[in-house]
Amino acid sequence: MKQNIIKITVYLVTALPLGGVGGGLLLTSCADLEQTSLSSIDKDNFYQSKEDIETAINGIYQEFTVDGFYGMFNNQSVYINDLQTDYVKAGAQTNSAHIRELSNFAVQPTNLFVSYAWEEHYKAINRANVVIDKVGNASFLDEQTRQNYINEARFLRGFMYFNLVRYFGGVPIVLHDGEGEGAPRNSIDEVYHQIVDDLSAGEQLPVGYTSLDSKANTLAASAILSKVYITWAQTLTAEGKSSQSQFYQKAIQYADKVINSGKYSLLDKFIDNWSVDKKHGPEHIFSIEHDRTINGNVSGHCTFATNWDNAEPVLLATSDKYYEQTDPRDQRRDGSWAKRLYNPNTGEDFEFTIPRFRKYIDSLNYANPSSAGNSAGQSVNTTIIRYAEVLLIKAEAENELNGPTDAAYDAINQVRRRAYWSPYLNIQNTPSDGSDLELSGLTQEAFRERLREERRLEFVLEGQRWFDLIRWHILVKYVKANTPTDAETLGTKTTKAQNVSKKNYLLPLPQEQLILNPNLEQNWGYSGETGDGPYGAEYE
């Protein structure tokens, strides 16, 4: 049954289907992946102990990885964010119209990824709302413990609204269980204010609240706030425009909190960020925990389902040009793309016609009979924000606010030095073309372009690219200019360049939500409108 945000009936962790219909679901904690069997829960009588509350909070995290193929961070974030760009396409094995719609910029209000995105985010929000309301009345808790639980739930709620506002624009703000029936959409600025309020509460969590990057913590809140403010600064709303300089300064302020904490550092070996034996490493700030036996990362299947074969998996690069154009001395090339991959069945490297996405191939386990090939990558965590991004946020905000300052150069050059570091030879490489490793002497515009290129190289298939192209207002121009032509495209062709238009700056609201709540209005362009609509010349 479809879930209406107006009347959400999943109060905590009632039985939910996992990728299908029927059957109960074991609750999984994103903190430690222990399983607790749950039957029906009466929300009014449940919150009687700290253990009850912690189970309820784990129920919020659980929503990040339910619903199998369409799960929020099982597949959904990659399919919405990377498939709607120039460099990822639906491969020949894709038999889903919903995937092909995203791949070809032809997404419809009936698209299942869109529907699940709305439903799952609001389910998580409602679970957080119940925790916040119930814990506030939990007299058996001391004040500090009570506030910690509330702030953890608010962090997660703010994180959900940050995704929703970037997916759909203004959405209804629902802050208490049972509210929201018939609610219209709040403005984008109103949603951002709520995001900031919630994440600021998350910042109040004590240092040492958790040792895991898969749970809310104060520095994760600071890191995401830096991303919120740089995004809001580039959102062409009334407040985004009037407070742009202030928001850039806030982005720097929150990035500096993370940088100056001394807790995080860049890993010498780029690919270690996705190694299943190096989870919770010094570069990870906030991640979604995956275990293939419990809540597997489906992207690990979709990028390598065909194993050592040139048959096209579900998710595939549009061309090999992205691999070929990346400097071989830049370790992000072989950390992001698998042009050649050791095949344990033959004892030799296999060379793919079209490179596979390397980050979701678990090379430690793909030869393990109990975790063979196409399921091996399902234990790879989903990275929400890591230290490299905080450095690039600081560099970008500094440049937008003040031009390429020393602080901007220092931040971006840390990322570049790691990119060109050889972890095997323990030496610092420089670019193959003879250019300087460390950037200097650039104009503001030239720095901006180099920053955007660093982000492209750094975050391949991390659920970032569509968000970036949108906030820079270059989605249509960039996709048209950079999508490989039919002659350049290897294998299955796409219609990305022909179809992309300004309506693709937002997803459509799910059709069933418009039926359930007539006060919701569809995003422009998804009801047959033509022209530029609300997107002026600033949107390219």
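Everything numeric in this text was worked out from a predicted model, so none of it was measured. Heavy-atom basis, side chains included; hydrogens, waters and symmetry copies ignored.
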Open item on the list: Is any side-chain heavy atom of Trp524 closer than 4.5 Å to one of Tyr535?
Closed with: yes
Task: Asp291 and Thr293 side chains, donor-acceptor separation under 3.5 Å - done: yes
Task: Neighbour count above 12 (heavy atom, 6.0 Å) for Lys493 NZ - done: yes
Task: Heavy-atom donor-acceptor pair, Lys359 side chain to Val460 backbone, under 3.5 Å - done: yes
Task: Heavy atoms of other groups near Glu521 CD, more than 12 under 6.0 Å - done: no
Task: Closest non-hydrogen atom pair, Gln194 against Tyr161 - done: CG-CD1, 4.4 Å
Task: Side chains of Thr306 and Gln93, donor plus acceptor under 3.5 Å - done: no
- [ ] Working to the nearest 0.5 Å, report the span between CD of Gln511 and CG of Asn111.
- [x] 12.5 Å
Task: Over all atoms of both residues, closest heavy-atom pair of Phe64 and Ala124 - done: CE2-CB, 4.4 Å
- [ ] Would you please indicate if the ring centroids of Phe113 and Tyr70 are separated by under 6.0 Å?
- [x] yes
Task: Salt-bridge present (Lys503, Glu529; N to O < 4.0 Å) - done: no
Open item on the list: Measuring centre to centre across the rings, with the benzene-like ring taken for any Trp, is Phe286 within less than 6.0 Å of Phe159?
Closed with: yes
- [ ] Ignoring hydrogens and angles, tell me if any N or O in the side chain of Arg292 forms a donor-acceptor pair with the backbone of Asn295 under 3.5 Å.
- [x] no
Open item on the list: Taking side chain to side chain contact (heavy atoms under 4.5 Å, CB included) as the criterion, tell me which of Thr495, Thr494, Thr492 meets it with Arg100.
Closed with: Thr492
Open item on the list: For a side chain to side chain donor-acceptor pair (under 3.5 Å) check, start with the C-alpha distance between Gln522 and Gln513, then their side-chain angles and the critical distance, and finish with the verdict.
Closed with: CA-CA 10 Å; Gln522 182 59 275; Gln513 297 301 329; over 6 Å; no
Task: Within the 6.0 Å centroid threshold, strictly below: His193 and Trp232 - done: yes
TODO: Check step by step if ring-ring contact (aromatic ring centres under 6.0 Å, His included) holds for Phe168 and Trp118.
DONE: CA-CA 9 Å; Phe168 299 106; Trp118 182 281; 5.1 Å; yes
TODO: State, with a plain yes or no, whether a side-chain heavy atom of Ile57 is found less than 4.5 Å away from one of Glu152.
DONE: yes
TODO: Salt-bridge test for Arg465 and Asp82: reply yes if a basic N is under 4.0 Å from a carboxylate O, no otherwise.
DONE: no
Task: Sub-6.0 Å ring centroid separation between Phe357 and Trp337 - done: yes
Open item on the list: In the structure I gave you, are the side-chain heavy atoms of Thr489 and Lys89 within less than 4.5 Å of one another anywhere?
Closed with: yes
Task: Ring centres under 6.0 angstrom apart (Phe69, Tyr79) - done: yes
Task: Test ring pair (Phe, Tyr, Trp, His ring centres under 6.0 Å) applied to Phe467 and Phe459, Tyr167, Tyr505, the passing residue - done: Tyr167
